[in-house]
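Heads up: the structure comes next, in structure tokens.
Numbers here simply count residues along the sequence, with the first being 1. Remember, predicted model here, so these are calculated numbers, not experimental data.
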Amino acid sequence: MAAKLLRSARWYMASDMRAFAHRQRTQQMGFRRQDFMGKPVVAVVNTWSEMSPCHIHLRERAQKVKDGIWQAGGFPVELPALSLGEVIVKPTTMMYRNLLAMEVEELLRSHPIDGAVLLGGCDKTTPGLLMGAISMGLPAIYVPAGPMSNARWRGQKVGAGTHTRKFWDELRAGKISQEDWVELESRMTRTIGTCNTMGTASTMTAIAEALGFTLPGASSIPASDSGHARMAHEAGERIVAMIAEDLKPADIFTQNALRNALVTLMALGGSTNAVVHVVAMARRAGLKLELEAFDAAGRATPVLANVFPAGDNLMEDFFFAGGLPAMLVQLHDRLALECRTVNGKTLGENIATAKVWDADVIRPLANPVTKGAPIAVLRGNLAPDGAVIKASAADPRLAKHRGRAVVFKNHADLSARIDDPSLPVDADSVLVLQSAGPKGGPGMPEWGALPIPKKLLAQGVRDMVRVSDARMSGTHYGTCVLHVAPESHVGGPLAFVEDGDFIELDVEARRLHLDVSEAELARRKAAWIPPPLRYARSYGVLLERHIGQANDGADFDFLEQGAPVPEPEIF
């Protein structure tokens, strides 16, 4: 590869003092001059940390990637990036997705980088890494961390997240013991890797593959499978060729590839979180994407992946059944098969030989897991800018429902009162949570699957209509209306809901309605006092002042638009 074509040549190939210093400092680390001079410099962007259990193996996978880069004639440099371990990071990893995206973009811009291999997998790392790479525009390939292996407890398949919620409800209802609960801690997440259900992690890595950002089949390989290490090595080899071909994100992430992603999301019965993330990614690429596109895809595409929470299998079963390529074969007439992918081939070429090995786990269109829309977009006077519901994981009995609101002003209020025996709630009530959106949370936490009140659990109730401006874990289930926009914290109609108001949900009609007159809503709005800003410094200030609403992808306004940032001067 001609050195003058490499971006890194601006750092290393000049004959001035500054280039001398760059070469000198690189050799200071033990590299030889011939290791990097005139070779493509590849960033191995790694989100490994000991606070991210999903990524604990990425230190070893990074070495495999680097082996592949060396073998292909490149010069690998590992760059650590913000590690967003779901569950542990507070108040929510979503608060920091945009920070990771910004960090990736600036890491690639400020260093002598010609291309990047992105290592992630836990929920927000996939969109965060890809958003940054898309904005930077250098050749990039994604290596997903892979799902953890299957788990069982007393003969029953158990999946991370999905069964945590189910068993928690059973514990609160007195159906299992504290000893059972403690035993479950060590049984449900038994290997390295991301959640083994079709949660946000597996949804987003599959979408990355459907978009063309991973090697074929990469998103389905379990983290502990030996094939995962081989895939990482191959990704390292391939990025060097991508740099030579100048194959950039803009060549891969097209409007047709975006359509493939939406079809994939629905067929997976994937996480509602993908709606926020894919919108943000599309905007980074300058592509048009409205919520109605998700609804149209949902109406046309049933769930084919029989995986928790919409089905009854786990991700390792999905892998053995043929993985994502096999599922895409079932959808071939609905996909833009001509779309380019990181391996240089089209999506159609990549799935041409894929086969389904278990037709119960990966269903044909004639025998879907669910027949209705996997994800539906709702509108109405309670959500003028939209809301979403994962209909495939909800109780069909509640798809058309009218009930009185029980309102919680924020999460602290919810925690304090949800199990109060005097709470005026019954099975027909609609639980409402306010102040849980992008600004209100802050960061739009996964609070949308509001717990069922303990007194109702004792009566056998396991699902209720719940409405919030929050998100919900992709591993969870229930009749939860999410992402209500505009959020209550900025004066959206959700802020004006009061105890006893009737709320109407009609999934088939795509309607979410607050049964209160326009005059009364106007009166409540006039009396509403905006909440004060909570941050005076640091990253929280950026979030409060620049975060967008859920229907806009919850990106920062200064990141999703504007002219490209100029290349740094080499002084």
Side-chain angles (χ1 to χ4, degrees), residues 126 141-142 144 147 198 202-221 227 231 234 238 247 249 251-271 274-275 278 281-282 285 287 289 293-307 310-311 313 315 317-375 392:
T126 300
I141 188 168
Y142 185 61
M198 191 55 71
S202 289
T203 299
M204 290 308 303
T205 55
I207 284 174
E209 181 176 337
L211 285 170
F213 282 115
T214 81
L215 293 176
S219 68
S220 308
I221 305 172
M231 177 271 293
E234 290 169 12
R238 177 57 194 159
L247 182 57
D251 303 314
I252 294 168
F253 196 6
T254 64
Q255 201 73 48
N256 278 342
L258 187 56
R259 193 178 81 217
N260 291 341
L262 300 194
V263 172
T264 300
L265 167 62
M266 300 305 163
L268 290 170
S271 169
V275 178
V278 175
M281 290 163 58
L287 300 177
L289 180 61
F294 291 90
D295 196 72
R299 290 181 184 273
T301 310
V303 177
L304 302 184
N306 186 11
V307 178
N313 291 285
M315 285 302 299
D317 302 313
F318 185 74
F319 170 68
F320 289 134
L324 188 69
M327 192 193 78
L328 295 182
V329 168
Q330 313 305 301
L331 300 160
H332 72 279
D333 60 344
R334 303 174 182 220
L335 300 171
L337 298 175
E338 76 284 358
C339 288
R340 298 176 72 185
T341 71
V342 291
N343 72 341
K345 298 180 180 180
T346 66
L347 179 67
E349 290 173 324
N350 285 340
I351 67 172
T353 60
K355 289 182 172 58
V356 174
W357 303 112
D358 188 330
D360 179 60
V361 177
I362 298 176
R363 302 282 187 89
L365 284 166
N367 182 33
V369 179
T370 61
K371 295 182 179 179
I375 294 175
S392 60

| query | Looking at Ala274 and Ile207, what are the two nearest heavy atoms and their distance? | reply | CB-CD1, 3.8 Å
| message | When you compare the side chain of Asp317 with that of Asp358, does any pair of heavy atoms fall below 4.5 Å? | response | no
| task | Determine yes or no for a side-chain-to-main-chain donor-acceptor pair under 3.5 angstrom, with Asn306 supplying the side chain and Val369 the backbone. | result | no
| request: May I ask you to test the Leu289-Phe294 pair for a side-chain heavy-atom distance under 4.5 Å? | output: yes
| remark: Closest heavy-atom pair, Gly269 versus Val303, reported as atoms and distance to 0.1 Å, is CA-CG2, 3.7 Å
| Below 4.5 Å, heavy atoms only, C-beta onward: do Pro302 and Leu365 meet side chain to side chain? | yes
| query | Could you give the distance from OG1 (Thr214) to CD1 (Ile141), rounded to the nearest 0.5 Å? | reply | 7.5 Å
| task | Measure across Arg340 and Ile252 and return the closest heavy-atom pair with its distance rounded to 0.1 Å. | result | O-CG2, 3.7 Å
| Trace of the side chain to side chain contact (heavy atoms under 4.5 Å, CB included) decision for Ile362 with Val329 | CA-CA 10 Å; Ile362 298 176; Val329 168; over 6 Å; no
| query | Given side chains that start at C-beta, do those of Met315 and Val307 come closer than 4.5 Å, heavy atoms only? | reply | yes
| query | Between Asn343 and Thr341, is a side-chain hydrogen bond (donor to acceptor under 3.5 Å, both in side chains) present by the stated rule, with each step listed? | reply | CA-CA 6 Å; Asn343 72 341; Thr341 71; 2.6 Å; yes
| query | Do you know which two heavy atoms are closest between Thr205 and Pro144, and how far apart they sit? | reply | CG2-CB, 3.7 Å
| said: For the backbone of Leu324 and the side chain of Ser220, can you confirm whether one donor and one acceptor N or O come within less than 3.5 Å of each other? | reply: yes
| task | Look at the side chain of Glu209 and the backbone N and O of Pro216, then say whether any donor-acceptor pair between them is shorter than 3.5 Å. | result | no
| task | Please report the shortest heavy-atom distance between Thr370 and Ser392, naming the atom on each side. | result | OG1-CB, 3.9 Å
| request: Measure the spacing between CD1 of Ile221 and CE of Met231 and express it to the nearest 0.5 Å. | output: 4.5 Å
| task | Take Met327 and Thr264 through the test side chain to side chain contact (heavy atoms under 4.5 Å, CB included) and record every step on the way to the result. | result | CA-CA 9 Å; Met327 192 193 78; Thr264 300; 4.2 Å; yes
| request: Identify the heavy atoms of Trp357 and Phe320 that sit nearest to each other, and give their distance. | output: CB-O, 3.8 Å
| message | Keeping Arg334 on the side-chain end and Ala300 on the backbone end, is there a donor-acceptor pair under 3.5 Å? | response | yes
| query | What is the distance from atom CG of Leu265 to atom OG of Ser271, rounded to the nearest 0.5 Å? | reply | 8.0 Å
| field | Pairwise distance CZ(Phe253) to CG(Leu258) - rounded to 0.5 angstrom | value | 5.0 Å
| field | Gap between atom OG1 of Thr346 and atom CG of Leu337 - 0.5 Å precision | value | 7.0 Å
| message | Quick check against the 3.5 Å criterion: does Asn260 have a side-chain atom that pairs as donor or acceptor with the backbone of Ala336? | response | yes
| request: Rounded to the nearest 0.5 Å, what's the gap from CZ on Arg363 to CG on Leu304? Could you check? | output: 9.0 Å
| message | In the structure I gave you, are the side-chain heavy atoms of Ile351 and Pro325 within less than 4.5 Å of one another anywhere? | response | yes
| field | Any donor-acceptor N/O pair, Arg238 side chain to Val342 backbone, under 3.5 Å | value | yes
